[in-house]
Student: 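The structure follows.
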Amino acid sequence: MKLWAKISTVLAALLMAMTLSACSPTATSEGTGGYFDDSVITTKVKTALIGEKNLNSTQISVETFKGKVQLSGFVSSQADANRAIETARKVTGVKGVINSMVIR
């Protein structure tokens, strides 16, 4: 019976290690903590864009991956695109901004 208890303990520890490793980040995917951090950054950038006067921020989409923010959507001028980029850069936690906005 002692052998069975030891085997059960080892199997439980192995199962726990595998479960925890599934949540760890890789180069192309985020861990659970990173996902929540990026969600907070996305929300802060969207809020900052809404606060910008004379900028139609409802046409701008925001996505964040590992601190890098991608802005996509439509703006009416290059000045609006530049203003959106600068606004996003000022948000705490933003490591970089990728501009995928289209001028129309």
Student: If you measure from CG on Leu49 to CG on Leu55, what distance do you get to the nearest 0.5 Å?
Tutor: 6.5 Å
Student: Work out which heavy atom in Ala88 is nearest to a heavy atom in Val94; give both atom names and the distance.
Tutor: O-CG2, 3.3 Å
Student: If every non-hydrogen atom of Ile41 is compared with every non-hydrogen atom of Gly93, which pair is closest and at what distance?
Tutor: CD1-O, 3.4 Å
Student: Write down the atom of Gln70, the atom of Ser100, and the distance for their closest heavy-atom approach.
Tutor: NE2-OG, 2.8 Å
Student: Which distance, rounded to the nearest 0.5 Å, do you find between the CE of Met101 and the OG of Ser61?
Tutor: 10.5 Å
Student: With a 4.5 Å limit on heavy-atom distance, are the side chains of Asn56 and Gln59 in contact?
Tutor: yes
Student: Mind listing the closest non-hydrogen atom pair of Val91 and Ala48 along with its distance?
Tutor: CG2-CB, 4.1 Å
Student: Quick check on side chain to side chain contact (heavy atoms under 4.5 Å, CB included): which of Thr87, Val69, Val40, Thr64 does Val45 satisfy it with?
Tutor: Val69
Student: Could you report the tightest heavy-atom contact between Ile103 and Ser76, atom names first, then the distance?
Tutor: CG2-O, 3.8 Å
Student: Any carboxylate oxygen within less than 4.0 angstrom of a Lys/Arg side-chain nitrogen, looking at Arg83 and Glu86?
Tutor: no
Student: How many angstroms lie between NZ in Lys46 and OG in Ser57, if you round to the nearest 0.5 Å?
Tutor: 10.5 Å
Student: Nearest 0.5 Å, please: how far is CG in Asp80 from CD in Glu52?
Tutor: 10.0 Å
Student: Can Ile85 be reached from Ile60 by stepping across I, L, V, M, F, W or Y side chains whose heavy atoms are under 4.5 Å apart?
Tutor: yes
